[in-house]
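Okay, so here's the structure we're looking at.
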Amino acid sequence: MFGASRYGANGYQRRDEGRKVTGLAGPLARLMAAGLIGVSLAGVSLAAFMPSSAFAEQPDPPAAAPVTVNAGMGTGDVPLTTPLPPVSAPAPRTAATVPQPLSPASASPARISPAPVRGGVDSAGDTPQTHPAPSHPSAYPAPAQPVQAQQAPTPSTPAQSAPAQPAPTVATPAPAAQPATPPVTVAVEDPLAPVAEAIAALLATPESVTASKKDQEGLVAFYGARQNMPVFVGLKGLDARGKAVIARLEAAGEDGLDPTDYAVPLPRPGAAAADLARTELKVAIAASTYARHAQAGRFDPGRISALVTPVREIPDPAAALAKVAYAPDTNAALAGFNPPHAGYRALKAQLARVTGQTPGIVAVPAGPQIRPGASDPRIPTLRTRLGTTGRAGDDTAYDPALVDAVKAFQEASNIKPTGIVGPSTITALNAGATPGGGSLKLDVIANMERWRWLPRDLGEAYVMVNIPEFLVRIYQSGHEIHETRVVVGKPQTPTPLLTREMQYIVVNPAWNIPPSIARNEMMPLLRSDPSALSRRGIEVVRNGSGGYSFRQVPSERNALGRIKFMFPNDHSVYLHDTPSKALFQNDRRAYSHGCVRVYEPLKFGEVIFNLGLPNDNWTQARIGKMFGSSERYVNLKQRFPVHIVYFNLVVDDAGRLAVREDLYGINAETKTLLGLTSKQRIADGASARGTAPKTR
C-alpha cells in the first residue's frame, strides 16, 4: 500500500491521513511481477491511474452561517431580574436558511461526513452551526504531493489484501458536474407577532384605550419604539415583569396610595392575541398612573388654594414605562417613584404602625386650663390620648405621671413644656381627630401626599420652613445645621407653599407697603391720627398715576427689621427680621401678613451668608457692622432652594410622631380631595376653596 502525504498542497493537515488504498495496489504488483511493467514508480504520480477524487483532500468545512430560526429560548416568562433587551427594529417574521439535501454523488461517505445542524442553544451552550457539503467533487483539489514508494504496513495502517483484478488501461473519469442547488428560505413567525399586531391596532385609536391625552402620547411613543412588541404579557398571560408590576400595584397601600386606582383584570387562560394586547396596555396604563401618583401626587395642589404653589416633578409616561420595562428589578423600579426623602420614609413607617389601629384619635374637649394636681372630667380622655393609666379610684386626677406625659408631648410639639393643658396643647392633641374619634392613618396618608409635591432633589444645601411647626431649618449634605423659630401668616393671610431659589440679601431694607395693607391698615390709621405714620417712619409718596404709596424707611422700627432674605416669587413673600421680638415666645406664632419672620436673624444670617458666599468667613459681628440707614444688597455666589412646606405630622429623631394644628385647613382639604373623608372624590378641575393670592 502507498502511504498518502499528511499535508495537502495548501499546507493544511489532511483529513485522509492513514487512509488505506485498496483499489490499485494489487493489480500494479501483479503487472510488475509478470514483467509487464518495469518502470520505477519513484517520482511518478498516481493521479494518472485513478480518479481525481480518490485522494481528494477534505478541507475544514466553511464557517457556519448563523441559524435565524427560534434560538431555543421559547416564549416563557422572562426572569424578574433579567433586563429587557431593547427592541431596535423587530420584525414579526424572520427567515431561516435551510440547505437542500445533498445529491448522491456529493454526499458519499468517502468524501464528507457533515456535522448535524443545531437549531438552537442547548444546555451545554453550543452555538448553532451548519456544515454544508460541496456541490461537486471538483470543489476539492487533487493532492499536489508526489506519491512515495510503497512501504510495509504499519500498525496504524494495516495492509489489506484484495482479489486479483485486471489492470485498468484508462483512468476512470470524474462524474459530470452537477448544478448547485440554491438554499430554500423558510419564514418563521414570531409567536408574539399577533399580539404586537393587536397592540398596533388598538393604538391606532389611542383615545379608545385611555382618556388621558398624556397617557395616549406615552403609549404611542413607548410601543412605537418597540415596534409594538409586548413587555408585560407572553403567550400564557402575564410574564414575570407583568406579575412584578401587579404585585407592586396591589401593595400600593404601603405608600398611602389606593390599590383600587390601579386594578387590572387578568386575562383568562388561553386568551386570544387581542385580549393579551388589551391586558398589556392596561398594565402599562396602571404602571404609568402609579408612577405619576407616587412621584407627583394624585391631584393638582392648586385646587386647595391659589397660595399652594409647590414645584412638582411629573414623570413622562413613556419614560416611566421605559424605566419599569428595562429595570433589572421591575417591582423596585416602580416603587422607586415614591419620594426618596427621609421625612416621607418616616411617615411610611408610621403608616405601617397605625394601619388597623382602633380607636383613632379621640378629641379632648375644650375647656379651662388643666393644671398639675387638679381634677377634671377630661382627664380620662387625656389619658387615652397619651396612653397612660390613672390612679386606682380617682381617674380624674391630673397626677404626676400624666403631667410628665403632657410635658413630653408639649416638648415634641414645640410647645413650652409647662405641663399646663391649655388651648395650644389641646389643639395639638386634637389635630387629626374628629368629634366621633378620627383615624390617625388618614392624617399620615395626607401628609405623605404633600411630600410628593416637593422636588425629588431638595438640594445639597437648602432652607425648609414648616408652617404648622413654626420652625425654619437649614440643611447641608443631608444634615440639619441650623434651626430657629419663625412667625408665619395668620389664617386670614396665610403663608404660601412654594419652592424658590435664595438669590440675595438686603441689609437695612426699606418696606414698600403693599396696596392691600395700605388700604386696609395705613389709611384708617392716618385718618384717626395724622401723625401716627410719621412716628413709625412711614412716608407717603405720591406716584405718577396720581395715587399714593407708603414706604417705611430703614430703621430699627422697620417692619422688616434690619435684614431680609430674598427668594423672588409670585407671592412677594420672603424671610426677614422683625422688631416684634416678643411674639417668638408664643407657642402659636401666626401673626404676619404672609411673610416669614425669623428669630435671631443674625445667627440665621451667618449660616446663610457662609452657604451663599463660601470661604468669606462671615460672622454675626461682621453682618452687624453693615447695619445703618441705607439699603445694601448682597448677591449670593452659591444659590440654594427655599422650600415652604406644610406638614402637621412630623416624626422626630426618636421615631415619635408629633401632631400639629392644621392651621390653614390644608390637611383637611388634602383628605377631602383624596377621597379619604367621603366616598367620592372631588372632580378634577374643581377648586375646594379657591383662596385668592394676597399681596404682601
> Under the salt bridge (Lys or Arg N to Asp or Glu O under 4.0 Å) rule, what pairs show up with a residue in residues 205-222, not counting sequence neighbours?
Replying inline: D215-R292
> Under the ring-ring contact (aromatic ring centres under 6.0 Å, His included) test, which residues partner F232, sequence neighbours left out?
Replying inline: none
>> Using a 3.5 Å distance criterion without hydrogens, assess whether the side chain of R589 forms a donor-acceptor pair with backbone atoms of F470.
In response: yes
> Can you list every salt bridge (Lys or Arg N to Asp or Glu O under 4.0 Å) pair that touches residues 338-347, not counting sequence neighbours?
Replying inline: none
>> My understanding is that only residues two or more places apart in sequence, or in another chain, count here; which of them pass side-chain hydrogen bond (donor to acceptor under 3.5 Å, both in side chains) with N466?
In response: E469
> Just checking, K282 and Y262: is the charged tip under 6.0 Å from the six-membered ring centre and within 45° of the axis?
Replying inline: no
> Is there side-chain contact between Y646 and L663, with at least one heavy-atom pair below 4.5 Å?
Replying inline: yes
> Among all residues two or more places apart in sequence or in another chain, which pass the ring-ring contact (aromatic ring centres under 6.0 Å, His included) test with F609?
Replying inline: W618
> About how many Å separate OH of Y326 and CG of L321, when rounded to the nearest 0.5 Å?
Replying inline: 10.5 Å
>> What I want to check is whether the side chains of N667 and R660 have a donor and an acceptor closer together than 3.5 Å.
In response: no
>> I'd like to know whether the aromatic ring centres of Y504 and F565 sit less than 6.0 Å apart in this structure.
In response: no
>> Show every side-chain hydrogen bond (donor to acceptor under 3.5 Å, both in side chains) that has at least one partner inside residues 309-321, sequence neighbours left out.
In response: T309-H571
>> I'd like to check the ring-ring contact (aromatic ring centres under 6.0 Å, His included) partners of Y462; sequence neighbours left out, ordered by chain and number.
In response: Y475, H643
>> I'd like to check the side-chain contact (heavy atoms from CB on, under 4.5 Å) partners of A654; sequence neighbours left out, ordered by chain and number.
In response: D652, R656
Atom pairs and distances, side-chain donor-acceptor, residues 478-485, under 3.5 Å, sequence neighbours left out:
| from | atom 1 | to | atom 2 | distance (Å) |
| --- | --- | --- | --- | --- |
| E483 | OE1 | R473 | NE | 3.2 |
| T484 | OG1 | Y599 | O | 3.3 |
| R485 | NH1 | F584 | O | 2.6 |

> Considering residues at least two apart in sequence or located in another chain, which fulfil the side-chain contact (heavy atoms from CB on, under 4.5 Å) criterion with L202?
Replying inline: V209, A277, R278, L281
> Who are the salt bridge (charged side-chain N to carboxylate O under 4.0 Å, His left out) partners of R452, not counting sequence neighbours?
Replying inline: E449
> Considering residues at least two apart in sequence or located in another chain, which fulfil the ring-ring contact (aromatic ring centres under 6.0 Å, His included) criterion with Y223?
Replying inline: none
